[in-house]
Amino acid sequence: MEWQQVLASRSSRMKASEIRELLKLLDQPDILSFAGGIPDPALFPTEAYRDAFATALADGSAAQALQYSVSEGHLPLRQWIAGEMAKLAIPCDVGNILITSGSQQALDYLGKLMITPGDTVLVTWPTYLGALGAFNAYEPNYDRLDLSGTRSASEIVARAQAAGGRVKYAYLSPDFANPTGETLSLAARRATLRLADELDIAVVEDAAYQVLRYDGAPVPPLLALDIARHGSIEASRVIYCGSFSKSLAPGLRLGWVCAASPVIGRLVLMKQAADLHTSSINQIVTDLVARAVFGRHVASLRATYAARRDAMLAALARHMPEGVRWTRPEGGMFVWLTLPKHMDGGDLLAQSLTHEKVAFVPGRAFFADGSNGNTLRLSFSCATPVLIDEGISRLGQLIGRS
Ligand SMILES: Cc1ncc(COP(=O)(O)O)c(C=O)c1O
């Protein structure tokens with residue numbers, strides 16, 4: 001069978017993710033990995049899940065937990081999420097919330113909802129690799145979400161037209177972004193909304209790491225700022241994507257979209273067509289776990305991850321040679337390194353795996369145009385402070401020799 005002749009053009013843009021390939025390395029015991037941006041499994045609230053699964057499967061509950069359910073999602077969970085959104089100055093009701101199979105599914109649906117092949121999506125430079133992967137299937141072009149004001153809205157529009165479509169939305173992760181760990185200032189958030197107004201486009205706010213703040217003052221979500229300007233979520237152009245993956249556990253695949261009800265209505269139709277609904281039992285269990293432990297659990301995650309972040313920043317200061325720069329994240333899981341111009345993160349990884357047994361993610365894949373090869377992403381989420389120091393020391397020596 002010559003498969004190429006039956007494949008849709010969109011499939012040519014689906015590439016194996018460097019991160020997925022690298023995650024395989026985590027199984028090798030002698031590799032010190034700063035590669036996977038995953039939660040530390042030792043920190044999962046396993047007891048709470050055990051209790052919740054027992055409750056969900058008890059007589060009288062099991063039928064609902066094991067049955068099909070509605071596409072919008074489990075009502076008590078949507079109510080709990082609406083309560084959390086209200087704490088972020090995002091007043092909304094359950095009609096503004098759709099439960100998705102992880103926030104990754106939300107990114108896929110939003111690409112499907114808004115991108116006609118040839119349209120332009122504005123993304124930060126670098127951006128979350130998984131978002132590029134999700135959107136790529138819908139054959140967009142990418143342009144840089146540049147908030148410096150050096151490019152006017154009309155220049156951005158002209159470029160999108162020349163590329164064969166129109167600008168549809170800006171995608172960004174304003175808190176502790178993957179891969180840079182950086183947080184967008186209040187002024188930059190306001191500038192994003194102003195640019196979106198000028199272009200008359202949607203804004204997709206990826207809040208995957210939002211609760212993992214270790215220090216500094218919280219900055220309001222773009223959706224909260226937009227609601228403050230317009231008086232209601234129904235008048236907002238921001239589509240907020242939340243996730244339980246970093247706050248509770250990713251294995252249940254639970255995320256949500258919070259947006260104006262017409263957007264939610266469209267996404268519900270999409271979900272009906274794609275997978276009917278997110279797993280009933282996983283939604284019921286997540287609701288029980290969230291109500292039982294969320295606040296307490298997130299507080300303990302923050303304490304542990306903050307210590308690892310501190311250890312990584314201290315190790316970088318101690319071991320990195322001249323000419324290497326890095327970010328200082330206030331939360332999340334990542335530090336972003338910029339190497340001297342002549343170096344390449346991919347080449348360094350090959351050397352590092354062979355000679356130092358240290359893994360990380362080369363930065364190039366996070367740029368929509370594959371540029372900036374002299375960068376890399378380090379995750380501090382899964383290593384203890386002692387191993388962080390050891391791994392960064394080895395990496396620093398390797399960079400020094402390169
Ligand atoms: C920025 C960002 N968005 C979304 C996701 C997807 O998360 P999930 O589908 O597990 O909610 C991730 C996962 O690492 C991420 O880093």
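Please read these numbers as outputs of a predicted model, since none were measured by experiment. Read the numbers this way: they start at 1 and go in the same order the structure lists the ligands and their atoms.
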Next item on the list: Can you tell me which residues line ligand 1 if we count any heavy atom under 4.0 angstrom from one of its atoms, in chain and number order?
Entry: G102, S103, Q104, Y128, N178, D206, A208, Y209, S243, S245, K246, R253
Next item on the list: With Y209 as reference, evaluate F334, Y214, Y305, Y128 under the ring-ring contact (aromatic ring centres under 6.0 Å, His included) test and give the passing residue.
Entry: F334
Note to self: Suppose we screen for side-chain contact (heavy atoms from CB on, under 4.5 Å). Which residues come up paired with T150, at least two apart in sequence or across chains?
What the structure shows: D146, S148
Check: With under 30° as parallel and over 60° as perpendicular, where do the rings of Y171 and F135 fit, or are they tilted in between?
Finding: perpendicular
Note to self: Does R10, at its CZ atom, have more than 12 non-hydrogen atoms belonging to other residues, nucleotides or ligands within less than 6.0 Å?
What the structure shows: no
Checklist line | Listed once per pair and sorted, the side chain to side chain donor-acceptor pair (under 3.5 Å) pairs that draw on residues 59-75, sequence neighbours left out | finding: S69-H277, S69-S280
Next item on the list: Keeping to residues at least two apart or across chains, list the side chain to side chain donor-acceptor pair (under 3.5 Å) pairs with something in residues 313-335.
Entry: R213-E330, R318-D389, H319-D389
